[in-house]
Amino acid sequence: MGISTFRAAVVRTPGGPGSIEIIDVPVVEPGPGKVRVGIAAAPVNPVDLAVAGGLFHEMGLISQPERTGLGWDFAGVVVAAGRGVELAVGTRVAGLVDGFDRDFGTYAEQVVVPAAEVAVVPDGLDLVAASTVPLNALAAAQIVDLLGDAPAGRSRLLVTGAAGAVGGYLAALAPDRGWQVTGLARAQDEEFVRGLGAGFTTRAEPGWDAVADGGVLQERGLALVRDGGTFVGVQPSAQLGAERGITVSAVTTHPDGPRLAGLLARAASGELPARVHAVVPLDQVADAQRAVAKGGVRGRYVLRP
Ligand SMILES: NC(=O)c1ccc[n+]([C@@H]2O[C@H](COP(=O)([O-])OP(=O)(O)OC[C@H]3O[C@@H](n4cnc5c(N)ncnc54)[C@H](OP(=O)(O)O)[C@@H]3O)[C@@H](O)[C@H]2O)c1
């Protein structure tokens with residue numbers, strides 16, 4: 001009997017979208033506490049372009065001997081469950097695999113993950129839309145953790161890139177902790193940003209109590225924070241140094257099944273965005289990455305493995 005395999009998109013010698021290969025890899029049985037998910041949808045996120053381009057290999061953060069997996073989040077259906085797992089085969093779930101240095105990812109027909117790190121997708125949210133939530137909504141929620149509660153009278157938060165995935169979730173979630181949000185975005189994004197309940201600007205002057213940097217402005221974003229304020233970035237591998245008494249941090253998003261369940265519920269109710277630009281077959285992964293690399297895309301390209 002032959003070994004069963006599934007298809008996965010990987011890079012062996014990273015060099016951009018053209019270096020992505022689709023290969024057959026052996027099926028793995030889920031151990032105790034784990035589930036094997038048949039992936040229905042996996043979004044293309046900016047981090048995937050950086051992995052395929054070799055950025056993190058060059059930084060020494062990836063040292064896979066044979067191949068590096070692509071893709072961080074997914075939605076699909078449980079196809080096998082290990083010992084001690086309460087999720088039944090057939091349950092619709094979404095989740096996140098984190099870290100750069102791995103030979104597997106979600107640009108694949110299957111993934112094996114801890115059951116505690118997935119969340120059941122609520123009825124009323126389709127798997128394609130659900131797949132766009134885990135990485136960026138959890139990132140935003142964990143950025144809000146780093147911001148903490150807004151100090152009384154000092155609650156003006158600028159969210160850069162507020163029309164992007166992380167920025168959009170930030171604009172919607174930060175008011176939970178008392179922040180008054182203004183979104184910095186392109187002129188054509190005004191309706192979307194205001195629709196999240198945030199203020200809107202295309203040009204920000206310095207003096208904000210806090211800046212959450214979904215637009216990856218980095219030093220330019222830090223310069224907008226008042227002395228003694230707070231800056232939270234999205235690139236922990238390029239974290240900025242502190243200056244002018246500003247508290248500086250950068251998020252490293254990690255899986256959190258229970259929290260993801262709450263975020264998916266808010267997406268299902270329409271309170272959080274779950275934006276899809278296009279659904280494409282896994283075979284078109286290179287074209288999808290090239291399209292994302294051009295910028296200006298609103299909503300995710302979602303791969304259907
Ligand atoms: N550390 C972590 O754990 C973590 C987790 C998730 C995401 N991230 C990172 O967070 C970043 C954002 O991800 P994302 O998925 O939200 O990207 P995205 O959807 O492309 O959003 C970025 C947004 O910023 C906008 N933008 C950039 N410069 C701007 C400017 N000067 N003025 C106004 N808008 C501007 C972009 O507009 P245009 O498209 O028009 O340029 C886009 O709407 C990426 O670098 C990603 O890798 C990190």
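Whatever order the structure lists ligands and atoms in, that order sets their numbers, starting from 1.
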Participant: Which N or O atoms of ligand 1 sit under 3.5 Å from a protein N or O, and how far apart is each pair?
Facilitator:
{"residue": "ligand 1", "atom": "1 (N)", "partner": "Val234", "partner atom": "O", "Å": "2.8"}
{"residue": "ligand 1", "atom": "1 (N)", "partner": "Val251", "partner atom": "O", "Å": "2.9"}
{"residue": "ligand 1", "atom": "3 (O)", "partner": "Thr253", "partner atom": "N", "Å": "2.9"}
{"residue": "ligand 1", "atom": "3 (O)", "partner": "Thr253", "partner atom": "OG1", "Å": "2.7"}
{"residue": "ligand 1", "atom": "15 (O)", "partner": "Arg300", "partner atom": "NH1", "Å": "2.9"}
{"residue": "ligand 1", "atom": "15 (O)", "partner": "Arg300", "partner atom": "NH2", "Å": "3.2"}
{"residue": "ligand 1", "atom": "16 (O)", "partner": "Ala165", "partner atom": "N", "Å": "3.1"}
{"residue": "ligand 1", "atom": "16 (O)", "partner": "Val166", "partner atom": "N", "Å": "2.8"}
{"residue": "ligand 1", "atom": "19 (O)", "partner": "Ala165", "partner atom": "N", "Å": "3.0"}
{"residue": "ligand 1", "atom": "19 (O)", "partner": "Arg300", "partner atom": "NH2", "Å": "2.7"}
{"residue": "ligand 1", "atom": "37 (O)", "partner": "Arg298", "partner atom": "NH2", "Å": "3.4"}
{"residue": "ligand 1", "atom": "39 (O)", "partner": "Gly296", "partner atom": "N", "Å": "2.9"}
{"residue": "ligand 1", "atom": "39 (O)", "partner": "Arg298", "partner atom": "NH1", "Å": "3.0"}
{"residue": "ligand 1", "atom": "40 (O)", "partner": "Arg186", "partner atom": "NE", "Å": "3.0"}
{"residue": "ligand 1", "atom": "40 (O)", "partner": "Arg298", "partner atom": "NH2", "Å": "3.0"}
{"residue": "ligand 1", "atom": "41 (O)", "partner": "Arg186", "partner atom": "NH2", "Å": "2.9"}
{"residue": "ligand 1", "atom": "43 (O)", "partner": "Arg298", "partner atom": "NH1", "Å": "3.4"}

Participant: Would you say CG of Asp176 has more than 12 non-hydrogen atoms from neighbouring residues, nucleotides or ligands within 6.0 angstrom?
Facilitator: yes
Participant: I'd like to know if Asp24 pairs up with Arg7 as an ion pair, taking the criterion as any Lys NZ or Arg NE/NH1/NH2 lying under 4.0 Å from an Asp or Glu carboxylate oxygen.
Facilitator: no
Participant: Does Tyr169 use its side chain to pair, donor to acceptor, with the backbone of Pro273 at less than 3.5 Å?
Facilitator: yes
Participant: Cut-off 3.5 Å, no hydrogens considered: what does the side-chain donor-acceptor table look like for residues 129-146, sequence neighbours left out?
Facilitator:
{"residue": "Ser131", "atom": "OG", "partner": "Val128", "partner atom": "O", "Å": "2.8"}
{"residue": "Thr132", "atom": "OG1", "partner": "Ala129", "partner atom": "O", "Å": "2.7"}
{"residue": "Asn136", "atom": "ND2", "partner": "Asn45", "partner atom": "OD1", "Å": "3.0"}
{"residue": "Gln142", "atom": "OE1", "partner": "His254", "partner atom": "N", "Å": "3.0"}
{"residue": "Gln142", "atom": "NE2", "partner": "His254", "partner atom": "O", "Å": "3.0"}
{"residue": "Asp145", "atom": "OD1", "partner": "Arg259", "partner atom": "NH2", "Å": "2.9"}
{"residue": "Asp145", "atom": "OD2", "partner": "Arg259", "partner atom": "NH1", "Å": "2.7"}

Participant: For the rings on Trp72 and Phe100, is their centre-to-centre separation under 6.0 Å?
Facilitator: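 Between Phe100 and Trp72, which both carry aromatic rings, the centre distance is below 6.0 Å.
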Participant: For the atom pair CZ (Arg92) and CG (Leu125), what is the distance rounded to the nearest 0.5 Å?
Facilitator: 7.0 Å
